[in-house]
Protein chains: 2
Amino acid sequence: MPRVEIFNREDVLEKAVKLFHNKGYNATSMQDLVDATGLNRSSIYNSFGSKMELYQQSLRAYKAQANKYVQKVLVHNSDPLETIRKIFATSPDDKVNGCLLGNCTTEMANQDIDIKNFLTNNLISMQDLFVELVASGQASGSINGNKSAKDYAAYLFTALQGIRVTGILLDEQKDFESIVDTMLSVLE
Amino acid sequence: MPRVEIFNREDVLEKAVKLFHNKGYNATSMQDLVDATGLNRSSIYNSFGSKMELYQQSLRAYKAQANKYVQKVLVHNSDPLETIRKIFATSPDDKVNGCLLGNCTTEMANQDIDIKNFLTNNLISMQDLFVELVASGQASGSINGNKSAKDYAAYLFTALQGIRVTGILLDEQKDFESIVDTMLSVLE
DNA sequence: ATAATTTTGAAACGTTCATTTCAAATAAAA
DNA sequence: TTTTATTTGAAATGAACGTTTCAAAATTAT
């Protein structure tokens, strides 16, 4: 009986991600979202609830997208250190705008407990990933055993946040790569 | 002849810094600033120009405050590595809110060219400081020579950004310290 | 005291904000 | 084709935004 949703939910979220990634939560207006998605204002509220709910769904979409990239790297690489290096590589959007989740941390984590919990869960899952990679590298001898896999994982996550912030200010790709080199040299 | 400014400019800026540090630029309203500073709306505009100008002056005040702390550490410490460790230590405000300049980077650098330039200058001056400290540590043998002082300086600045972001999410001081330990272990 | 000059307070400016409303258009099910 | 449920478009909501205005209060120099 009902008329059905005409737009593709994933496409809309992708456009919302782009917008929030570029401007952040507070500087993005509902009008911006209407313009960028091509959806009607009412349709956005019908389908996504509110600006805040759309933002949170955008965070999830961004995370899912990042996970997909990581999975792709995991399949094609056997060397853990090289896998970590690929994770540190920056997408064009991240180069200009930083990491959406890192930006969200600085903008929202101290204001919104739900978002802080989401970000903490992301921190945990990323660290779990790094623990596995580091442990595997330590087992095969390509990563040293000076620190525990857990210590290195916590370090890697934090270093990753750093390069996503500083990267916004860096114009030269070689500066970026040199910093990542030094970051990963701890593991060698 | 004229009536003179009754408020202390530094005190007002300190309060503005606290506010921008806690909420960021876009989420801070002029009403918030009026409430927090106790100044009249007109007085703020008379004395600071606009919200954006007040923000930029707050960034400068924050940087000056940080420089003052660094100078104090430099006077009381002779060991470069220990000095760097003290710079990595976090003030209570930074613990909850991150680094104001880092937050500014993620919120504004890709939107406002003047602010980006200011942040780039800060990056350069911080790296210069780290270059001196690392070079001095390398000269005295407490820091290794695996990489150049410049490479280590760029790394340290970026690592610092990272711990200021992740620190927002960390509840345990020991997690924080462990990450800094790993970060600085590259130099040893 | 008076004059000169600035700060102050309060109100108002026009704009934009997120969100709601609701009739008209639409499309699948009956 | 009619019914039914949903989306759509456009307008309206009231609140908040940054900024300006301006007369009144305040303060220093004359």
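Convention: sequence-line order gives letters A, B, ...; per-chain numbering from 1.
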Just how far, in rounded Å, is P of C/dT7 from CZ of B/R9? 11 Å

So, OP1 or OP2 of C/dT8: does either fall under 4.0 Å of a side-chain N or O from B/S43? yes

Residues sharing B/I113's hydrophobic cluster, by side-chain heavy-atom contacts under 4.5 Å among ILVMFWY, directly or via others? none

Spacing of B/N40 atom CG relative to D/dA25 atom C1', expressed in whole Å: 12 Å

Got a sec, which hydrophobics cluster with B/Y69, joining ILVMFWY side chains under 4.5 Å apart, including via others? B/V73

Qualifying residues under salt bridge (Lys or Arg N to Asp or Glu O under 4.0 Å), relative to A/D11, sequence neighbours excluded: none

What's the CG-C1' distance between B/N46 and D/dA26, to the nearest Å? 14 Å

Mind calculating the distance between CG (B/L39) and C1' (C/dT7) to the nearest angstrom? 10 Å

Please state how far atom OH in A/Y55 lies from atom P in C/dT19, giving the value in whole angstrom units. 15 Å

Nearest-Å distance for atom pair CD1/C1', residues A/I44 and D/dA10: 15 Å

How would you summarise protein contacts on nucleotides 12-24 of chain D per nucleotide, using B for base, S for sugar-phosphate only and - for none, with heavy-atom distances below 4.0 Å? -----SSBBB---

Name all residues meeting the ring pair (Phe, Tyr, Trp, His ring centres under 6.0 Å) criterion together with B/Y55; count only those two or more places apart in sequence or in a different chain, and write none if there are none. B/F20, B/Y25

To the nearest Å, give me how far apart CZ (A/F7) and P (D/dT6) are. 14 Å

Among pairs that include at least one residue of residues 147-180 of chain B, which meet ring-ring contact (aromatic ring centres under 6.0 Å, His included), considering only residues two or more places apart or in two chains? none

Do you see a donor-acceptor pair shorter than 3.5 Å between the side chains of A/E53 and A/Q57? no

